[in-house]
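Beneath this line is the structure, given in structure tokens, with notes to follow.
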Amino acid sequence: MKLTFLGHACVLLSGTKSVLIDPFIPDGVLPGNPDMVAVTHGHADHLGEAGRLGRPTVAINEVAKYLKEQGVPAEGMNHGGAITLDGVVFRMTPAIHSSWIEEAGPGYNGGGCAGFVIGMDDIQVYHAGDTALFSDMKLIGELYHPDVALLPIGGRFTMAPEEAMIAARFIGAPLVIPIHYNTWPVIRQDPVPFKAALERTTDIRVAILKPGETITVP
Ligand code: NI
Ligand code: MN
């Protein structure tokens, strides 16, 4: 499987199928026609272009309902559940965060916020969504054994590197990719000390990807 970081929290998984997660790129171009889309929550920097793309989209019930009203073939699900689309397995994990659908104007509650463990081609990729650190991340490791963990490190709205260090240990994925930082000044972080500290104290490797950069996983 190839994994392309497209900036902020947007990641494209390319294997048997192409899966686009959180289709928001601040100043880039989204890959046009992914086979499917996963949206962690309703905030504009995650819901992004999901409405315009119009591809089969996995999201928490409330966001899925909103997308269906926009004509998107969305599949609703909820924390702790799983859905298989075209051979790709999406497991929805909790995330501690909020979810207002800003693009809907006042009055649209996006339900909760989620992460996903996405299984394709025998590889499990955990995208944490926007979240605080929580100790049940240990269960995500124990249940799904992710090969890769995409973890927010920007702070203010999510974990910062200090918390993400502990999250990475809880999850135990051999590869961690920091996301959700440096998009705007309010979430400025240096990922280099995070990588150095985690690699010095654990067997976990950290890949710092530039927007547009692709790696092969695992
Ligand atoms: Ni958010
Ligand atoms: Mn966000």
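As a basis for the values below, the full set of heavy atoms in this structure was taken, side chains included, without hydrogen atoms, waters or symmetry mates. Atoms within a ligand are numbered from 1 in the order they appear, just like the ligands themselves. Computed from a predicted model, the values in this text were never measured in an experiment.
- Of all N/O/S atoms in Asp45, OD2 sits nearest the Mn ion (ligand 2).
- The two residues Ile153 and Ala164 make their nearest non-hydrogen contact at CG2-CB, 3.7 Å.
- Applying the salt bridge (charged side-chain N to carboxylate O under 4.0 Å, His left out) rule to pairs touching residues 74-94 yields Lys17-Asp86, sequence neighbours excluded.
- Among the heteroatoms counted here (N, O or S) of Asp130, OD2 is the one nearest to the Mn ion (ligand 2).
- In this pair, His180 and His8 present their aromatic rings tilted. The plane angle is within the 30 to 60° band.
- Panel detail: the Ni ion (ligand 1) has protein N, O or S atoms under 2.8 Å away, 4 in number.
- At a cut-off of 2.8 Å, His180 is counted among the residues with an N, O or S atom near the Mn ion (ligand 2).
- A salt bridge links Glu69 with Lys65: the distance from a Lys NZ or Arg NE/NH1/NH2 to an Asp or Glu carboxylate oxygen falls below 4.0 Å.
- His46 lies close to the Mn ion (ligand 2), since one of its N, O or S atoms is found at a distance under 2.8 Å.
- The list of salt bridge (charged side-chain N to carboxylate O under 4.0 Å, His left out) pairs with a residue in residues 190-213, not counting sequence neighbours, reads Lys195-Glu199.
- In this structure, His127 has its ring center no closer than 6.0 Å to that of His46.
- Two rings, from Tyr126 and Phe116, have their centers 6.0 Å or more apart.
- The stretch residues 144-172 participates, sequence neighbours left out, in no salt bridge (charged side-chain N to carboxylate O under 4.0 Å, His left out) pair at all.
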